[in-house]
Amino acid sequence: HVQLQASGGGLVQPGGSLRLSCTASGTALDDYSIGWFRQAPGKEREEVACIGKTDSSTYYPEAMKGRFSISRDNDRNTMYLQMYNLKPEDTAVYSCAATSFYGTVAGCYSGGYGMDYWGKGTLVTVSS
């Protein structure tokens, strides 16, 4: 199975940028559709961005468009989430996830309902 480890979280001021990384081990990341998700205390987990392994399509919920960008580096077996113009409401635990079942971004919806493997997550705090 694939093991995922997210990193790069921390404290950032409003308007700042941050890049999160998720490194896969145990198998090749390019065999999976991947995604980033976040969850704030008392809130349900929501999808941030995803990439389908077969069609290479990306998916961003409307609320995420323009400030979040997902990418992958298969040589490094790592995926990234670049975040821009961060706001306090972006404060959450950000997790990476993957699925080998879905070749598209279909598993990304509803907070990553179709994802099979999850990393622990990294905390992003946006505050002045």
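In this chain, numbering begins with 1 at the start of the sequence shown.
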Just how far is it from atom [atom1] of [X] to atom [atom2] of [Y], taken to the nearest 0.5 Å?
{"X": "Ile51", "Y": "Thr58", "atom1": "CD1", "atom2": "OG1", "result": "7.0 Å"}
{"X": "Ser56", "Y": "Arg72", "atom1": "OG", "atom2": "CZ", "result": "7.5 Å"}
{"X": "Leu81", "Y": "Phe37", "atom1": "CG", "atom2": "CZ", "result": "11.0 Å"}
{"X": "Gln3", "Y": "Thr27", "atom1": "CD", "atom2": "OG1", "result": "11.0 Å"}
{"X": "Leu29", "Y": "Arg76", "atom1": "CG", "atom2": "CZ", "result": "13.5 Å"}
{"X": "Asn74", "Y": "Met79", "atom1": "CG", "atom2": "CE", "result": "11.5 Å"}

Is [Y] close to [X] at the side-chain level, that is, under 4.5 Å between some pair of heavy atoms?
{"X": "Ser100", "Y": "Asp31", "answer": "no"}
{"X": "Met64", "Y": "Glu47", "answer": "no"}
{"X": "Leu86", "Y": "Leu18", "answer": "yes"}
{"X": "Cys50", "Y": "Ser33", "answer": "no"}
{"X": "Gln82", "Y": "Ser17", "answer": "yes"}
{"X": "Glu46", "Y": "Arg38", "answer": "yes"}

Checklist entry - Please walk me through it: do Tyr60 and Ser69 pass side chain to side chain contact (heavy atoms under 4.5 Å, CB included)? => result CA-CA 8 Å; Tyr60 301 91; Ser69 180; 4.0 Å; yes
Checklist entry - Okay, side chain of Arg45, backbone of Gly111: is any donor-acceptor separation there less than 3.5 Å? => result yes
Restricting to non-hydrogen atoms, name the atom on [X] and the atom on [Y] that form the minimum distance, rounded to 0.1 Å.
{"X": "Arg67", "Y": "Asp90", "value": "NH1-OD2, 2.7 Å"}
{"X": "Val105", "Y": "Gly52", "value": "CG1-N, 3.4 Å"}
{"X": "Ala6", "Y": "Tyr94", "value": "CB-O, 4.3 Å"}
{"X": "Cys22", "Y": "Leu4", "value": "SG-CB, 3.9 Å"}

Next on the checklist: Hydrophobic cluster membership, with links at side-chain heavy-atom distances under 4.5 Å among I/L/V/M/F/W/Y: are Leu20 and Tyr117 in one?
Outcome noted: yes
Next on the checklist: Would you say Trp36 ends up clustered with Met83 if hydrophobic residues are merged whenever their side chains have heavy atoms under 4.5 Å apart, either directly or through other cluster members?
Outcome noted: yes
Let me have the donor-acceptor pairs involving side chains of residues 118-128, under 3.5 Å, with sequence neighbours excluded, atom names and distances please.
from	atom 1	to	atom 2	distance (Å)
Thr122	OG1	Gly9	N	3.1

Checklist entry - Pairs in or reaching into residues 72-93: which pass ring-ring contact (aromatic ring centres under 6.0 Å, His included), with residues at least two apart or in two chains? => result none
Next on the checklist: Tell me if the CD atom of Gln5 is crowded by more than 12 foreign heavy atoms within 6.0 Å.
Outcome noted: no
Checklist entry - More than 12 foreign heavy atoms under 6.0 Å from CD of Glu44: is that the case here? => result no
Checklist entry - Quick one: side chain to side chain donor-acceptor pair (under 3.5 Å) partners of Asn85, sequence neighbours excluded? => result none
Next on the checklist: Under the rule for side chain to side chain donor-acceptor pair (under 3.5 Å), what residues qualify as partners of Lys65, not counting sequence neighbours?
Outcome noted: Glu62
Item to check | Between Thr99 and Asp116: side-chain donor-acceptor atoms closer than 3.5 Å | outcome: yes
Next on the checklist: Among residues at least two apart in sequence or on other chains, which ones pass ring-ring contact (aromatic ring centres under 6.0 Å, His included) with Tyr109?
Outcome noted: Tyr59
Checklist entry - Sequence neighbours excluded, which residues qualify as ring-ring contact (aromatic ring centres under 6.0 Å, His included) partners of Phe68? => result none
